[in-house]
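In what follows, chains are A, B, ... by sequence order, proteins preceding strands, each numbered from 1.
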Amino acid sequence: MDSDSKAEAIKRAKVLMVGAGGIGCELLKTLALSGFQEVHIIDMDTIEVSNLNRQFLFRQSHVGQSKAKVARDAVLKFVPQIKITPYHANVKDPDFNVEFFKQFNVVLNGLDNLDARRHVNRLCLAAEVPLVESGTTGFLGQVTVHIKGRTECYECQPKPTPKTYPVCTITSTPSKFIHCVVWAKDLLFAKLFGDKNQENDLFVPSNNASDSVKPTDNIIERGSDEDPEQYSRKIYDYVFGYNIQAALANEETWKNRSQPKPTFLRDVLPEKDILHNGILESNCLTDDLSLSVMPFLGMSNPQEVWNLAENSRVFLKALQLFLEKREKDIGNLTFDKDDQLAVEFVTAAANIRASSFGIPLHSLFDAKGIAGNIVHAVATTNAIIAGLIVIEAIKVLQADFQNCRMTYCLEHPSRKMLLMPVEPYEANKSCYVCSETPLLLVVNTRTSTLRDVVEKIIKNKLGMNLPMVMQGTTLIYEVGDDLEEDAVANYALNLDKILADLPAPVTSGTILTVEDFRQELKCHLNIKHRDDFDEEKEPDGMVLLGWTDRAISNGQSTSTDHQVAVGSTESEGIKVATEVSGMKRELNNSKTPQDVEDDNDEDDDLVLLDNHSETNKKQRLH
Amino acid sequence: MDREELTAQETALYDRQIRVWGVDAQKRLSKASILVSGLNGTSIEFCKNIVLAGVGDLTVMDDRLVTEDTLQANFLIPRDSDAYGGRSLSEVCCESLRDFNPMVRVSAEKGDLSQSEMEFFDKFDAIVVSCCSLNAKVAINEKCRKRAKRIAFYAIECRDACGEIFVDLQNYTYAQKRSDGTVERHLSYPSLEEAISTPWRNLPRKMSKLYFALRVIERFELSEGRTPGKLSSSDFPSILKLRKELCDAQSLNESHVPEKLFERILHAGSKLHPPICAILGGILGQEVIKAISGKGDPLKNFFYFDTADGKGVIEDIS
């Protein structure tokens, strides 16, 4: 009987879940209720309060504990006979190698970042285990199935990589609020409170800097007789006043742009405000992360948009509070969205800068979302997606591959459908991950170093964690625990060498082979030399070009060898969506929170593929 | 609890969803009162979702005792017969639901909603019914429509690997956000009775067949006095007979409602499929949230999902 064989397949299955968050909780619950008997679940995160609106297996009392472990305990209460093995670990750990993956009949992803997804995709390909991928953001969601040899792999279609901005936009010519946030977080906050040894572009000398206003890092150093209030006022005037004045001196920049207004404290806050030396009462909060300026200033609504004066007060007080109450943190802080004082500081700083540049101000709530790369999320979408995942998983287990499909959960119905099934796509024959097509790397081989290529391309774009680089039979670089000392030294030397000066010189026409042993991924890079790169459009100083657009492979003509780039629309150095025979390939370039750099969010992100377009006729499987 | 601003606790807990629907919508949710009559795998998914969303209060009604049978697809009932033995579904589920969100008042109400006093209905902004006979559904829907305050009505049912949601918002006005500005939209929903009285031959050809199949099954359960959802394969011949009768009465060819569909549904009997419960319960959750918050386009007026084709379809039957 059909249902018996289905029940059998479910009973015998060994399933791996990666992620025990929004999708994970719903998924584990549904798997357990559906009769699955053995589930392994990997999640490196611990539970936070903001998870509780949807990760319903967790309670307030669980905050701080391992998601994987607590999820398991919760499910055992209503399905006591299921065997769940939790791993409080990073799926990229060496323990989770190809052998580990091989023991499973299917892998179900409930991840929140592209990096981990690509890693799992490669391991599933290497282990030849089907993968069901998924993602949600707000009311949108999707489920896709990836079976080696039958469908495309997760990376067959380029996914938008986290959006980054050209340095000059951040340091000199912001035009959107998000540029101000990035400035406030990655430059100002980092400069004031972060690692002093880190490179920081906060004080970028303008091209024709007048000698009288020289940017100097000494401003940041606090004199022994400088009290926090004096210091904070000094910093304010420097970064919002003098720095902008200096930038204005460079007329070229402002030829076609509206000029920013330098903002000095004396023009924003009345004297008595500034001179007010409120003795900071110690908050009864002992928790650094809850230390907050807002109550001091009578503010309670994070949704309120503060005016310039209010932002300025917040800025000054927050900076003072850091100095007075959290001195020990200064020098090793990174921005944390759950650090209230940091969020207040960054909000205020971003707003004051925005005000200078005529950009609309935003509330703390909005600024926090941007700075923290917060993905909005609700329980219902996750529940729906989890149900769809289990449906596909069951088909996979019965080897019913003919009926596997991708499903999109829409916010607005399309042709009466809120849940839209789509046939899976054939593998992209030119995918560098699941088929071995070479990529093209355009780089200045006479000025770029091996390190540049390893960091910007091999690790960042190709997503390899432990790469090995070879030219023909010569090993130029590798990473590993078992290497000999002199080999390690040799590789270190190579990293700093110019490409053309390597022991096996890398020049136009060279082919580099890069491999990640653990992901069992090998890839060839054809090198092409180019002298110049556009600073704004190609800030990396090199360009990686990938496989041919699907439209081409489906018989459409192409006039040049224009190829679709790996990666997103405006990320560093990567060519934007390509025009092939007049047809633009649409990648996910919407202006939603997804665009913001999305590392290690504790929530599930959505990676929308452009599958709705009828013009991109792709090869369907059946 | 009548306060204007959300508390710090609420802001922290609901942060991620406030980023979806905004503070005003969250406030409206926190004042809403929901009733769910009939607890099974599907309606409890809805209960979970609505509690997590942060409604003001949720009342559940289902006097049936917890038994082995009712445990299926139910994640609210701890598998400890000492804990659930001799107690009603509403009592036990209520306890677990409270855990999901301490800020929501969850309570169990005894009795049969179709027999309840009219005044009882007035407490609620939305009523969801499941495991319900056709007559009961219609009666409850009528009562909702007779009250001075509008009470949103929803019916949800899952059979085998498919399911149906019915929505009645009576006369519903809301602000629809479009790329070119905000537009006031006005929707007029038929009652359940009106909707299912629509002549079949007036309905679009390409419509979801599930609609028809479920109407036949509904009638059958009613006329045979059967507990909803407890049919079996042995009923197949009788069902087909009824199908013919109804189709003839509607001047519709009976092949319009495929045999295979009935086969599947009857074969499944009372067995629920958890993934379907999750999907339907999720869609319903979204709908109720939209209606309460006044944000988003509510669906009108039937929703179907079937694993066979994987489509989640809205049908407008009025």
Interchain contact, [X] with chain B, by part (heavy-atom threshold 4.5 Å):
| X | result |
| --- | --- |
| A/Ile389 | neither |
| A/Phe365 | both |
| A/Lys77 | backbone |
| A/Thr381 | both |
| A/Glu26 | side chain |

Q. If you count heavy-atom pairs under 4.5 Å between each of A/Val390, A/Leu388, A/Asp366 and chain B, which one has the most?
A.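 Highest number of heavy-atom pairs under 4.5 Å: A/Leu388.
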
Q. When heavy-atom pairs shorter than 4.5 Å are enumerated against chain B, which of A/Ile391, A/Leu76, A/Leu52 gives the highest number?
A.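 Between A/Ile391, A/Leu76, A/Leu52, the count favours A/Ile391.
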
Q | side-chain contact (heavy atoms from CB on, under 4.5 Å) partner of A/Val132, chosen from A/Leu27, A/Thr144, A/Val106 | A |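 One option only clears the test, and that one is A/Val106.
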
Q: On the 0 to 90° scale, with breaks at 30° and 60°, tag the B/Phe75-A/Phe56 ring pair as parallel, tilted or perpendicular.
A: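 B/Phe75 and A/Phe56: tilted rings.
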
If I measure from the heavy atoms of chain A, does [X] come under 4.5 Å with its side chain, its backbone, both, or neither?
| X | result |
| --- | --- |
| B/Ala83 | neither |
| B/Leu13 | both |
| B/Asp316 | neither |

Q | Closest non-hydrogen atom pair between B/Val104 and B/Leu58, with its separation | A |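 Looks like CG1-N, 4.3 Å.
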
Is [X] salt-bridged to [Y], going by a charged N under 4.0 Å from an acidic O?
| X | Y | value |
| --- | --- | --- |
| B/Glu5 | B/Lys27 | yes |
| B/Glu315 | A/Lys416 | yes |
| B/Glu259 | B/Arg264 | no |
| B/Glu263 | B/Lys260 | no |

Q | ring-ring contact (aromatic ring centres under 6.0 Å, His included) between B/Tyr211 and B/Phe302, worked out | A | CA-CA 9 Å; B/Tyr211 173 78; B/Phe302 282 88; 5.3 Å; yes

Among [options], residue most engaged with chain A (heavy-atom pairs, under 4.5 Å):
| options | result |
| --- | --- |
| B/Phe46, B/Trp21, B/Phe100 | B/Phe100 |
| B/Pro78, B/Gly281, B/Pro275 | B/Pro275 |
| B/Asp99, B/Ile50, B/Leu299 | B/Asp99 |
| B/Asp309, B/Val23, B/Ile276, B/Asn74 | B/Asp309 |

Q.
Using modelled atom types and a 3.5 Å cut-off, is there a donor and acceptor pairing between side-chain atoms of A/Arg54 and backbone atoms of A/Thr380?
A.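 Absent.
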
Q) How would you list, in number order, the residues of residues 288-295 of chain B that have a heavy atom less than 4.5 Å from chain A? A)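 Within residues 288-295 of chain B, no residue comes under 4.5 Å from chain A.
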
